[in-house]
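These notes are about the structure you will find just below.
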Amino acid sequence: MYLKLKALRKKKKYTVVDMANLLNISPAYYSQLENGKRKLTYKQALDIAKIFKKKPDQIFYPEDV
């Protein structure tokens, strides 16, 4: 579901641990978010978008809609 998120993270050479630290959550929790096993909150979407200097829609909204 969040293929763009994973691609952005890898492009920036961030690890799951790096992202978890930036978001102040555990690496396991972040991994579950990235793999769609946990629901992303609006605040988390904003925080992640800020890390990548993008709008949440650019990361989490499907392009084909």
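Reckoned from all heavy atoms, side chains included, excluding hydrogens, waters and symmetry mates.
A side-chain N or O of Q44 and one of T41 form a donor-acceptor pair less than 3.5 Å apart.
The CG atom of L33 sits 5.0 Å away from atom CD1 of I25, with the distance rounded to the nearest 0.5 Å. Distance CZ/R38 to OG/S31: 11.0 Å, rounded to 0.5 Å. Taken to the nearest 0.5 Å, the OH atom of Y30 stands 9.5 Å off from the CG atom of L22. Note: K54 NZ to L5 CG = 12.0 Å, rounded to the nearest 0.5 Å. Rounding to the nearest 0.5 angstrom, the gap separating the CE atom in M19 from the CG atom in L8 is 8.5 Å.
Judged purely by atom type and a 3.5 angstrom limit, K4 uses its side chain to pair as donor or acceptor with the backbone of Y61. The closest donor-acceptor contact from the side chain of R9 to the backbone of Y14 lies under 3.5 Å.
Nearest approach of A45 to L40, heavy atoms of both residues: CB-CD2, 3.8 Å. Across all their heavy atoms, P56 and L46 have their closest contact at CG-CD2, 3.6 Å. The two residues A49 and I59 come nearest to each other via the heavy atoms CA-CD1, 3.8 Å.
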| task | Give the C-alpha distance, both sets of side-chain angles, the deciding distance and a yes or no for side chain to side chain contact (heavy atoms under 4.5 Å, CB included) between N35 and K6. | result | CA-CA 9 Å; N35 291 306; K6 193 171 202 172; 4.2 Å; yes

